[in-house]
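Shown next, in structure tokens, is the structure this report addresses.
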Amino acid sequence: MAKYDPKPIEEKWQARWREAESFATPKDPKNPYYVLEMFPYPSGRIHIGHVRNYAMGDVVARTKRAQGYDVLHPMGWDAFGLPAENAAMQTGGHPRDWTYGNIEVMRGQLQRMGLALDWSREFATCDEAYYGQQQRLFLDFLSRGFVERKESMVNWDPVDHTVLANEQVIDGKGWRSGAPVERRVLSQWFFKITDRAEDLLAALDDGRLAGWPEHVRQMQRNWIGKSKGLKMAFPLTAQAGALPEGTRDLPIYTTRPDTLYGASFLGVAPDHPLAKHFAHDDPGLAQFLTECQAAGTSEEAIEKAEKRGYRLPVTGRHPFTDEELPVYVANFILMTYGTGAIFACPAHDQRDLDFARKYDLPVKPVVCPPDADPATFEVGDEAFTDPGTIINSDFLDGLPVEEALPAAIAKIEEMGWGEGTTNYRLRDWGVSRQRYWGCPIPVIHCDACGAVPVPQDQLPVTLPDVPAEEFKKTGNPLDRDVCKDWREVPCLSCSGPARRETDTMDTFVDSSWYYARFASQPEGAPVAKAEADAWLPVNQYIGGIEHAILHLLYARYFMRNMKDCGYTDRDEPFENLFTQGMVTHETYRDHLFQYVSPDDVEFIKWDGSEPSDGELRRMWDNAKRVSNPVILNREEHQLSDDPDFFRGVIDVAKREGRAGIRLFTPGSGKREPIREFVRILPIEKMSKSKKNVVSPDAIADRYGADAARFFMLSDSPPERDVEWTESGVEGASRFVNRVYDLCAAHEGVLAGAGTPEGTSDLRRATHGTVQGVTDDIAAFRFNKAIARLYEFLGSLKGLKDAPAPETAEALSALARLVAPFCPHLAEECWSALGGQGLVCDAPWPIAEPSLLQADTVTVPVQVGGKKRGEVTVAADADRETVEAAALAEPAVVRFLEGKEVRKVIAVPNKPSGWRIVNVVAG
RNA sequence: GCGGACGUGGUGGAAUCGGUAGACACACCGGACUUAAAAUCCGUCGGCUUCGGCCAUGCGGGUUCGAGUCCCGCCGUCCGCACCA
């Protein structure tokens, strides 16, 4: 029998699919199903994690197609972004060339995996045809007031003279220059996502996103961060100097208006206007504000940062008590949340308490814990933040917290000092990026007319061609002389001198509507409504959990904007969401603790039984004369004549079961072990920097694409991380070979085989597997579907004796059930079996319900909850029969000896049969 | 600190509704085939055992005829947010 040779077979079927346009999207879908995996960033090469992601989508796409759906399953590239500029800086190339070059390579890699994709819809977000339409959307949003321009802080690198993304700031310093980053105010474009916060939040719970995992919805809920509270103002009095012009009071936001009587001071953020105002005449305050700004932004820095404050020469009057409260600038108050100012109630807020203790401010308890005495209750170093009863608070006294909240708000509203409000943690989405490689913002700035939108008929605003050497410099070439001709244009409104916007859009904008563009890509519009709505929403979206918040929230926001602009009737882009786990791998480091690639490591195992210390010593002494000291990659190797090294290797192999040795490639090109240990370290997410990425090409060369796909979906549940192991893919490869051998042994069995009849074990196994695999795929339990396929394959051993119709039924089902996982193998088998046409066009098998039920059932019998035996009864046996059989079982009888049967519990199984019998005796 | 998820053999994991704990795979071990090896095939595979059983799903309690599953309290791991008033 010919050995299954994956490479030519996979190439052959990929060519057939291409010729037959098997995966072309149907024109007018009657039964549409849109499956989409998050499109990749063209970073250079795909890794095995991509394979897992796309294999999952492919299983869904192929299964749905076989089940008669009209499937849309497209692929494209999230192609704008900073890495291209960084690569250009390092290599002296152009970001565009780097990006499109990577796309070429990665497209080839993906196509090799045999994915059922409609490549005719492929695009990259850096294509003019795509980003031009994105500019159209931007202008639509601008005209409807969804976009605004406002001032915002950026990270400014004073050495490189460039704006840095947050991830380029490390410990407050520029990643390239190492210079302390300054914060600068720039005018930037914002999408007003906060205007839609309420609906984005509501949809998480009203059933519109019922197909999303709960934890993703929870993360979005937290991110939006809705809170209900009170916005109120404290009238201010200057103790020294003067208040800023027009300022009479200090607006604050609080969620605990019930604790107003416990107020001991007011606080403002370091960048609050009031703080800045007084800093003009107070060098000490100015110094304090600078220090606050310079404070670390890392999580650790914030956690450890001490509460610090600076007293302002003003007081605020408490509307209930007329008390004058001191006003502090405090380093723990955020300008970006609420009003940037608070009232502090130290007894019931830990931060306020820490601050109050440090500056010796009063701590007055106003909420009494349920089990405490109001007369003596005091707060020590821990604020009391749980519910309780209000005390020391005049008209609120005696109320529980939940009733005091609305009462306090009502009172403040009545007094005219404020009103109950809803506040969100979510901020507007700043989309301006001071970079070249992104979608240009279609606006022209004129000193006289301000920001003038580029008319729709002048789109697209294309990126100017910039010589590659410009990217060696830091910063945005669009701002430099080289782009002067592009940038300086007459104003579209007054014809005076004006300049183009040189900021480009955040790449999250690109990925916020690509799914719609896949569904419909007309030339003159972002989408054609009827066509887009025929496919949208995406029925099944699959991607990494790392996009749980930003990408998915932005896409949801975008769809709502597009709906309001008349591009679609949908508001939610993704009906069902699945977040898959990462692929991890061991990491290896050499003696200098540098990472070493798995491709450069071989493992040695001790060949034979574990050596005793005596043996070890002897081996060490005889090291030079030992002819076969280790087995390396299943080959004999003369490792080294250095006794120390040899002993070390043996020690490690003995202790750990295996040891790693670094390989190197000498002049001859042959890879050989060198005298260097490699430490085997814990598994981690694959990343370039840790050198633990596994290339799908090497795997496909060795085992074939099918085995790689199959292994990525077996064993671990798809939402969980999976560790890449060589032995795992070897197991998958064995499966591929066994399936092929079995089908090859029954060549042509499908042709002319009659209709199977009866209820043989084989038929039951076939139909049970069909039902189980179908259910498992629908529920994303790919690991279990694969376990069933292994089980089914194992049960097909005695196939030679089976009648031809039953054999044909079993193998036909096997080929079709394997097809979503190992599509090439399935085609080869289908063809060998004599199946009609391509297996990818064959209908999905359907189980006969009558074959899913057994005539007899084996029922475990427990005595006192412990299994003691089992009985086999007819599936439709009545209760008395089952109980009698159980009580007659010899093992049961033995355990009942000398005991009285108190109760017999027989549990029926769902459709029919019996699940278990438990005999209670005592 | 807040919120969420999870803890099962040597390993990844299965157990769908509270009903036979360990499906399926990996590794290891044994056997067959072979001059030999690889590949392949077959078998054993949680621990202990006086071979009757006993003990086992992070730990300690509880509910139940029956708990990996439900409840309470710990311990541990991972993820998200994090001075959000």
Side-chain angles (χ1 to χ4, degrees), chain A residues 3 213-223 225 227 229-230 252-256 259 267 269 299 302-303 305 307 330-334 336-345 348-352 354-355 385 423-427 545-546 548-549 631 634-636 657 711 714-717 719-723 725-732 734-735 737-738 741 772 775-776 779 781 783-794 797 858-870 891 894-895 902-907 909-910 914-922:
Chain A
K3 194 178 168 350
E214 175 53 35
H215 70 280
V216 174
R217 285 187 282 159
Q218 185 60 41
M219 280 161 80
Q220 293 215 344
R221 243 177 251 131
N222 293 343
W223 189 261
S227 71
L230 169 71
I252 61 104
Y253 174 76
T254 180
T255 56
R256 292 299 301 273
T259 63
E299 291 173 14
I302 288 168
E303 200 165 341
K307 302 278 177 291
N331 65 344
F332 64 91
I333 300 171
L334 303 172
T336 48
Y337 186 79
T339 60
I342 61 159
F343 90 87
C345 174
H348 306 290
D349 183 288
Q350 194 60 47
R351 295 156 301 181
D352 298 349
D354 294 345
F355 192 91
T385 54
N423 197 39
Y424 298 94
R425 183 187 165 280
L426 181 71
R427 312 231 193 298
I545 185 69
E546 65 272 23
I549 298 171
I631 296 297
R634 298 199 186 90
E635 285 173 50
E636 289 181 16
F711 170 56
S714 60
D715 292 353
S716 288
E719 67 277 12
R720 224 176 285 181
D721 289 353
V722 62
E723 193 198 349
T725 63
E726 197 80 0
S727 53
V729 73
E730 278 170 14
R734 275 198 290 274
F735 174 84
N737 285 311
R738 285 169 62 199
D741 289 348
D775 292 346
D776 285 339
R781 296 183 296 241
N783 55 324
K784 287 184 65 184
I786 284 172
R788 281 184 208 278
L789 290 173
Y790 271 111
E791 219 168 1
F792 186 45
L793 183 63
K797 271 170 197 162
T858 299
V859 185
V861 183
Q862 298 177 328
V863 177
K866 287 190 176 175
K867 190 197 162 192
R868 297 303 180 189
E870 45 187 39
R894 202 173 63 227
F895 274 90
R902 283 221 280 257
K903 201 169 165 194
V904 181
I905 296 158
V907 184
N909 212 347
K910 207 171 27 181
W914 295 91
R915 187 177 293 214
I916 201 166
V917 180
N918 190 12
V919 181
V920 188

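Below, read A as the first sequence line, B as the second, and so on, with proteins coming before strands; counting in each chain starts at 1. What you see is a predicted model; the values in this text were computed from it and never measured. Heavy atoms only: backbone and side chains are in, while hydrogens, waters and symmetry mates are out.
Within the nucleic acid shown, A:Y253 comes within 4.0 Å of at least one base atom, counting heavy atoms only. A:I545 comes within contact range of no nucleotide atom at all, as no heavy-atom separation falls under 4.0 Å. Within the 4.0 angstrom heavy-atom criterion, only backbone atoms of the sugar-phosphate kind lie near A:G731; the bases stay farther away. Using a 4.0 Å heavy-atom cutoff across all strands shown, A:Q350 reaches no nucleic acid atom at all. At a threshold of 4.0 angstrom between heavy atoms, the contacts of A:R902 with the nucleic acid are absent. Residue A:T254 is classed as a sugar-phosphate contact, given heavy-atom separations below 4.0 Å to backbone atoms only. Nucleic acid contact class of A:Q862 (heavy atoms, under 4.0 Å, all strands): base. Counting any heavy atom pair closer than 4.0 Å across all strands shown, A:R781 reaches no nucleic acid atom. At the heavy-atom level, A:F355 lies nowhere under 4.0 Å from the strands shown.
Side-chain N/O atoms of A:R734 include one lying less than 4.0 angstrom from OP1 or OP2 on B:rC26. OP1 or OP2 of B:rA85 has at least one side-chain nitrogen or oxygen of A:Y337 nearer than 4.0 Å. Between A:R738 and B:rU40 there is no side-chain N or O to OP1 or OP2 distance below 4.0 Å. Between B:rA85 and A:R425, no contact under 4.0 Å exists linking OP1 or OP2 to a side-chain N or O. Distances shown here put every side-chain N or O of A:K903 at or beyond 4.0 Å from the OP1 or OP2 atom of B:rU64. The phosphate of B:rC54 has OP1 or OP2 within less than 4.0 Å of a side-chain N or O from A:R868. One finds a side-chain N or O of A:K797 lying less than 4.0 angstrom from the OP1 or OP2 phosphate oxygen of B:rC42. Dashed line: the shortest gap from a side-chain N or O of A:S227 to OP1 or OP2 of B:rA85 is under 4.0 Å.
Each of A:N783 and A:V919 has a nearest nucleotide on RNA chain B; the 5'-most of these lies closest to A:N783. Checking A:R256 against A:H215, the closest nucleotide of RNA chain B that is more toward the 5' end is the one next to A:H215.
Taking atom NZ of residue A:K307 and atom P of nucleotide B:rC83, one finds them 9 Å apart after rounding to whole Å.
A:S227 and A:Y253 form a side-chain donor-acceptor contact under 3.5 Å, judged by distance and modelled atom types alone.
A:D349 places none of its side-chain heavy atoms less than 4.5 Å from the side chain of A:I342.
Checking B:rG19 for Watson-Crick or G-U wobble geometry (two distances, each under 3.5 Å) identifies B:rC65 as its partner. When both distances must be under 3.5 Å, the Watson-Crick or G-U wobble mate of B:rA32 is B:rU40.
A:D775 pairs in a side chain to side chain contact (heavy atoms under 4.5 Å, CB included) with only one of the listed residues (A:R781, A:R788, A:K784), which is A:R781.
No hydrogens or angles were tested; on distance alone, a donor-acceptor pair under 3.5 Å links the side chain of A:N918 to the base of B:rC65.
A salt bridge links A:R221 with A:E214; the closest basic N to acidic carboxylate O contact falls under 4.0 Å.
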